[in-house]
Number of protein chains: 2
Amino acid sequence: MIRNLTEHDKEHLQEALVKSGQKVTPQREAVFTVLLAERDHPTVDEVFNRAREVMPGLSLATVYNCLETFVGCGLVRQVNHERESTRYCPNLAPHAHFRDKETGQVHDIELPPEVMKSLRSILPPGFDSEVIEISFLGRAQAKDTHSN
Amino acid sequence: MIRNLTEHDKEHLQEALVKSGQKVTPQREAVFTVLLAERDHPTVDEVFNRAREVMPGLSLATVYNCLETFVGCGLVRQVNHERESTRYCPNLAPHAHFRDKETGQVHDIELPPEVMKSLRSILPPGFDSEVIEISFLGRAQAKDTHSN
DNA sequence: AACACAGTTAGAATGAGTCTAATCCGCAAG
DNA sequence: CTTGCGGATTAGACTCATTCTAACTGTGTT
């Protein structure tokens with residue numbers, strides 16, 4: 001089920017929040033806990049439902065707020081696929097996403113630095129990019145790494 | 001403004017439609033004409049407004065239908081950026097998209113085959129991908145190639 | 001104790017996209 | 001012809017993720 005945050009994760013959360021002038025609140029802890037509990041890529045609704053088990057009064061708006069705050073201070077990444085609901089991902093290492101056409105599951109794909117470099121190199125002069133999103137769509141019959 | 005389709009483009013449209021069992025209709029021609037007229041990345045609404053100049057009775061639903069049909073028979077690509085409205089792109093050559101953070105304009109970025117290959121190579125065994133989407137977000141002070 | 005103020009809350013509002021049911025149109029059969 | 005069929009088109013209702021709003025809460029401050 002949903003374990004509490006380790007000391008380490010708690011510090012991580014606190015540091016990131018404080019650094020961008022935000023406060024640590026019980027709701028934010030709860031949402032962050034949910035995100036770390038399963039390293040999948042939950043939608044806002046999934047986060048909401050999971051977090052409610054731990055904090056029943058929590059409102060959907062707050063989940064939106066928390067997640068937005070986390071994105072703002074670099075704690076999590078948003079993952080968008082086509083027009084589906086936005087998903088959230090606490091894996092901060094540079095990685096691509098692979099979405100299984102049939103199951104809808106999203107898998108993290110590691111991005112070696114040389115691939116990142118070759119991608120950056122295809123930008124014509126004058127183009128300066130901060131964020132590169134790479135997403136695959138297909139079929140995976142994987143034994144599961146980080147799934148959903 | 002909006003010119004008529006060249007013979008060549010008309011054949012292209014007809015061939016693709018017929019090949020997937022669809023009919024050529026005036027509405028589809030109008031929408032396709034709009035897409036080719038400016039090689040930008042219009043939203044459904046933009047396509048709708050432009051196409052209305054040429055065919056005033058055209059309905060929004062039809063524009064959605066036409067574009068869906070075109071995507072289905074490989075005539076155009078959808079371009080999604082975060083949660084913004086879907087845009088449509090008649091450039092079929094493999095390419096990435098660069099979105100200017102400030103202007104919102106979308107630029108096509110050519111994708112050399114070796115980059116495609118290196119991307120495909122990072123997929124672990126068992127993962128089979130048909131579609132790869134690559135999008136950059138940043139600032140461009142470009143002299144303009146294919147813009148918007 | 002009174003204040004300020006960020007965070008939280010419920011519910012209303014938004015807006016892209018989808019669905020539905022009615023109509024239209026081209027064409028093949030009678 | 002004219003009738004009937006099926007796909008395409010249409011207007012408008014609907015959905016649903018997300019955003020907005022305005023009231024409320026809780027904590028720390030003077």
Side-chain angles (χ1 to χ4, degrees), chain A residues 13-14 16-34 41-52 54-73 75-89 104 106, chain B residues 13-14 16-34 41-52 54-73 75-89 104 106:
Chain A
L13 172 64
Q14 167 157 9
L17 284 173
V18 170
K19 198 183 301 180
S20 43
Q22 309 280 345
K23 292 179 185 161
V24 180
T25 69
Q27 287 85 347
R28 286 174 181 169
E29 276 194 21
V31 170
F32 194 60
T33 305
V34 164
H41 299 80
T43 61
V44 173
D45 241 57
E46 286 162 352
V47 173
F48 180 51
N49 289 321
R50 294 178 198 171
R52 284 260 238 188
V54 155
M55 182 180 274
L58 185 69
S59 90
L60 180 59
T62 300
V63 176
Y64 274 100
N65 291 339
C66 290
L67 290 169
E68 194 194 337
T69 303
F70 293 165
V71 170
C73 60
L75 276 170
V76 306
R77 263 175 70 181
Q78 281 186 322
V79 184
N80 288 294
H81 263 296
E82 326 243 298
R83 304 236 95 238
E84 291 176 8
S85 311
T86 300
R87 292 173 176 277
Y88 291 83
C89 163
V106 176
Chain B
L13 171 64
Q14 165 155 12
L17 283 173
V18 170
K19 198 183 301 181
S20 42
Q22 308 282 343
K23 292 178 185 165
V24 179
T25 68
Q27 288 84 347
R28 286 174 180 170
E29 276 193 21
V31 170
F32 194 60
T33 305
V34 164
H41 300 80
T43 61
V44 173
D45 241 59
E46 286 163 352
V47 173
F48 180 51
N49 289 321
R50 293 179 198 171
R52 283 261 238 187
V54 154
M55 182 180 273
L58 185 69
S59 90
L60 179 60
T62 301
V63 176
Y64 274 101
N65 290 339
C66 290
L67 289 170
E68 194 193 338
T69 304
F70 293 165
V71 170
C73 60
L75 276 170
V76 305
R77 263 175 71 182
Q78 282 185 322
V79 184
N80 288 295
H81 263 296
E82 326 245 299
R83 305 234 97 237
E84 292 176 9
S85 311
T86 300
R87 293 173 175 276
Y88 291 83
C89 162
V106 177

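The sequence lines fix the lettering, A, B, ..., with proteins before strands; numbering per chain opens at 1.
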Under 4.0 Å between a side-chain N/O of [X] and OP1 or OP2 of [N], yes or no?
{"X": "A/R28", "N": "C/dG7", "answer": "yes"}
{"X": "A/T86", "N": "D/dT18", "answer": "yes"}
{"X": "B/S59", "N": "D/dT10", "answer": "yes"}
{"X": "A/T25", "N": "C/dA6", "answer": "no"}
{"X": "A/Q22", "N": "C/dG7", "answer": "yes"}

Tell me: [atom1] of [X] to [atom2] of [N], nearest whole Å?
{"X": "A/Y88", "N": "D/dA17", "atom1": "OH", "atom2": "P", "answer": "13 Å"}
{"X": "B/N80", "N": "C/dA16", "atom1": "CG", "atom2": "P", "answer": "13 Å"}
{"X": "B/E29", "N": "D/dT9", "atom1": "CD", "atom2": "P", "answer": "11 Å"}
{"X": "A/Y64", "N": "C/dA13", "atom1": "OH", "atom2": "P", "answer": "18 Å"}
{"X": "A/E46", "N": "D/dA17", "atom1": "CD", "atom2": "C1'", "answer": "13 Å"}
{"X": "B/M55", "N": "D/dT9", "atom1": "CE", "atom2": "P", "answer": "9 Å"}
{"X": "A/Q78", "N": "D/dA17", "atom1": "CD", "atom2": "C1'", "answer": "12 Å"}

Within a strict 4.5 Å, meaning less than it, do heavy atoms of the [X] and [Y] side chains meet?
{"X": "A/V31", "Y": "A/R28", "result": "no"}
{"X": "B/Q22", "Y": "B/C73", "result": "no"}
{"X": "A/Q78", "Y": "B/R83", "result": "no"}

Name the closest nucleotide to the [X] side chain, picking from [options].
{"X": "A/T62", "options": "C/dA16, C/dT8, D/dT18", "value": "C/dT8"}
{"X": "B/C66", "options": "D/dA17, D/dT9, C/dG17", "value": "D/dT9"}
{"X": "A/R83", "options": "C/dT8, D/dT10, C/dA16", "value": "C/dA16"}
{"X": "A/A61", "options": "D/dT18, D/dG12, C/dG11", "value": "C/dG11"}
{"X": "A/N65", "options": "D/dT10, D/dT18, C/dT9", "value": "C/dT9"}

| field | side-chain contact (heavy atoms from CB on, under 4.5 Å) assessment of A/V44 paired with A/L67 | value | CA-CA 8 Å; A/V44 173; A/L67 290 169; 3.9 Å; yes
| task | Could you go through the side-chain contact (heavy atoms from CB on, under 4.5 Å) check for B/V34 and B/F48 one step at a time? | result | CA-CA 9 Å; B/V34 164; B/F48 180 51; over 6 Å; no
| request: Report which part of the nucleic acid B/L60 touches: base, sugar-phosphate, or nothing (heavy-atom distance under 4.0 Å, all strands). | output: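 Touches nothing.
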